[in-house]
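This report concerns only the one structure given below.
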Amino acid sequence: MTTEQPRRPRVLAIDDSDLVHRLLRARLRHERIDLHSVHTAEEGIDAARTLEPDVILLDIDLEDLDGFEVLARLKADPRTRDLAVIFVSASAETMDRVRGLDLGAVDFIGKPFDVTELRARVRSALRTQRLLRMLSQRAQLDGLTGLWNRAYFDDRLSKEISGALRHGSNVSLVIADLDHFKRLNDTYGHPFGDEVLERAAMVLSGGRGQDVACRYGGEEFTIILPGTAAEEAVEVADRCRAELSRVEWSDRPEVSISGSFGVADLTCVAGSPTPEGLVKAADTALYRAKSEGRNRVVRADPADWPRSIAG
């Protein structure tokens with residue numbers, strides 16, 4: 001399984017006061033965080049979407065929008081609804097605190113803030129976010145193979161395509177299916193079938209560091225290849241195909257496994273590229289690989305001509 005490189009926690013401060021930003025930088029300078037500062041509500045909302053901060057320090061009394069409206073908009077957006085928001089305000093009104101917490105804020109810090117309290121509350125919010133991410137990640141792992149599961153695949157593919165379109169790059173998708181897997185299960189039993197799935201997962205996730213291997217369901221797997229055109233993805237898929245064919249089983253020397261692979265990139269999708277369109281293109285190529293004899297890689301093509309590498 002490909003894991004993302006760890007990064008320092010990000011804290012976004014949204015406040016229209018230069019003095020507050022200077023104080024926050026001074027008070028939090030010894031914390032192991034990256035502190036980002038913006039002065040308006042609209043800048044803050046945009047920064048929350050692009051930076052994906054771990055914690056937001058949000059003032060209530062902003063000039064363009066009040067903090068309650070900012071928080072409501074953040075919670076209404078799937079991209080930002082899970083971010084931890086701490087209100088930082090000079091207001092001592094109990095109802096302001098209650099309203100903020102009801103809208104989804106995780107904490108409230110009064111101005112002028114005490115240094116020790118500020119650091120403690122930021123640390124607490126960061127710890128909570130880290131635990132939530134760990135729980136979320138565990139929910140996105142396939143229990144048998146340890147690969148990312150279908151839920152993670154759907155979310156990650158959507159993000160990779162959006163990023164590719166935004167930056168004018170490409171992304172490829174490989175869909176792999178283990179050949180005659182049901183026959184293996186019926187002949188040798190499900191425990192051996194599980195062992196085959198585990199070994200296949202090791203092969204498919206053992207390639208390039210930036211590629212993302214997932215278990216799509218049953219004996220089907222996917223590999224998302226960011227910044228990669230179909231020609232290169234075909235080479236990656238064929239290396240996996242060849243390695244699968246070389247797997248040996250000491251207790252069952254008569255057994256060999258193989259896989260069929262369908263490959264597509266964004267140029268293979270008619271119209272505006274979508275996750276559904278890319279999956280369909282790769283799946284169509286996979287169907288051709290199976291119908292042409294299995295144990296091969298077939299690339300989808302806008303001109304609808306299959307390009308295959310047979311084993």
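Keep in mind that what you see is a predicted model, and the values were worked out from it rather than measured.
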Trp148 vs Leu141 side-chain heavy atoms within contact, under 4.5 Å: yes
From CA spacing to verdict: side chain to side chain donor-acceptor pair (under 3.5 Å), Asp179, Ser260: CA-CA 7 Å; Asp179 297 329; Ser260 301; 2.7 Å; yes
Test item: Phe153 and Leu147 side chains (from C-beta on) under 4.5 Å apart, heavy atoms: no
Salt bridge (Lys or Arg N to Asp or Glu O under 4.0 Å) between Lys159 and Asp155, intermediate numbers included: CA-CA 6 Å; Lys159 289 180 178 177; Asp155 181 65; 3.3 Å; yes
Plane angle bin for Trp249 and Phe192 - parallel if under 30°, tilted between 30 and 60°, otherwise perpendicular: perpendicular
4.5 Å side-chain heavy-atom contact, Val196 and Glu219: no
Under 3.5 Å: donor-acceptor pair, side chain of Arg29, backbone of Ala26: yes
Arg215/Asn149 under side chain to side chain donor-acceptor pair (under 3.5 Å): CA gap, chis, key distance, verdict: CA-CA 5 Å; Arg215 187 180 181 191; Asn149 63 18; over 6 Å; no
pair Asp154-Pro275: side-chain heavy atoms closer than 4.5 Å: no
Closest non-hydrogen atom pair between Gly218 and Leu197, with its separation: O-CD2, 3.9 Å
Backbone of Ala230 reached by a side-chain donor or acceptor of Asp265 within 3.5 Å: yes
Whether over 12 other heavy atoms sit under 6.0 Å from Lys280 NZ: no
Stepwise side chain to side chain contact (heavy atoms under 4.5 Å, CB included) test for Ile223 and Cys240: CA-CA 11 Å; Ile223 308 174; Cys240 291; 4.3 Å; yes
Asp15/Lys111 ion pair, N-O < 4.0 Å: yes
Note, Leu126 side chain near Ile33 side chain (heavy atom, < 4.5 Å): yes
Transitive ILVMFWY side-chain link Ile14 to Leu118, under 4.5 Å: no
Side chain to side chain contact (heavy atoms under 4.5 Å, CB included) assessment of Ile86 paired with Leu57: CA-CA 5 Å; Ile86 298 176; Leu57 300 175; 3.9 Å; yes
Non-hydrogen side-chain atoms of Asp64 and Glu42 separated by less than 4.5 Å: yes
Connected via hydrophobic side-chain network under 4.5 Å: Val247 and Val255: yes
Test log, rule side chain to side chain contact (heavy atoms under 4.5 Å, CB included), inputs Leu12 and Leu83: CA-CA 10 Å; Leu12 172 64; Leu83 302 179; over 6 Å; no
Gap between atom CZ of Arg294 and atom CG of Leu178 - 0.5 Å precision: 11.5 Å
Any side-chain heavy-atom pair of Phe181 and Ile257 under 4.5 Å: no
Arg10 side-chain N/O to Leu51 backbone N/O, donor-acceptor pair under 3.5 Å: yes
Member of Arg73, Arg79, Lys75, Arg81 meeting the salt bridge (Lys or Arg N to Asp or Glu O under 4.0 Å) criterion with Asp77: Arg79
Backbone of Arg27 reached by a side-chain donor or acceptor of Arg119 within 3.5 Å: yes
Qualifying residues under salt bridge (Lys or Arg N to Asp or Glu O under 4.0 Å), relative to Arg133, sequence neighbours excluded: Asp54
Derivation of the salt bridge (Lys or Arg N to Asp or Glu O under 4.0 Å) call for Arg183 and Asp186: CA-CA 5 Å; Arg183 185 187 304 170; Asp186 292 343; over 6 Å; no
Verdict with reasoning, Asp96 to Arg99, per salt bridge (Lys or Arg N to Asp or Glu O under 4.0 Å): CA-CA 5 Å; Asp96 283 343; Arg99 184 182 177 190; 5.7 Å; no
Working for side chain to side chain contact (heavy atoms under 4.5 Å, CB included), residues Arg150 and Tyr216: CA-CA 5 Å; Arg150 174 67 181 274; Tyr216 197 64; 3.3 Å; yes
Ala164 to Leu266 - nearest heavy-atom pair and separation: CB-CD1, 3.9 Å
Shared hydrophobic cluster, Leu103 / Val85 (ILVMFWY, side-chain heavy atoms < 4.5 Å): yes
Backbone of Leu132 reached by a side-chain donor or acceptor of Ser136 within 3.5 Å: no
Arg208 side chain near Glu232 side chain, heavy-atom distance below 4.5 Å: yes
Shared hydrophobic cluster, Ile56 / Leu24 (ILVMFWY, side-chain heavy atoms < 4.5 Å): no
Leu28 reachable from Val38 in the ILVMFWY side-chain graph, under 4.5 Å edges: no
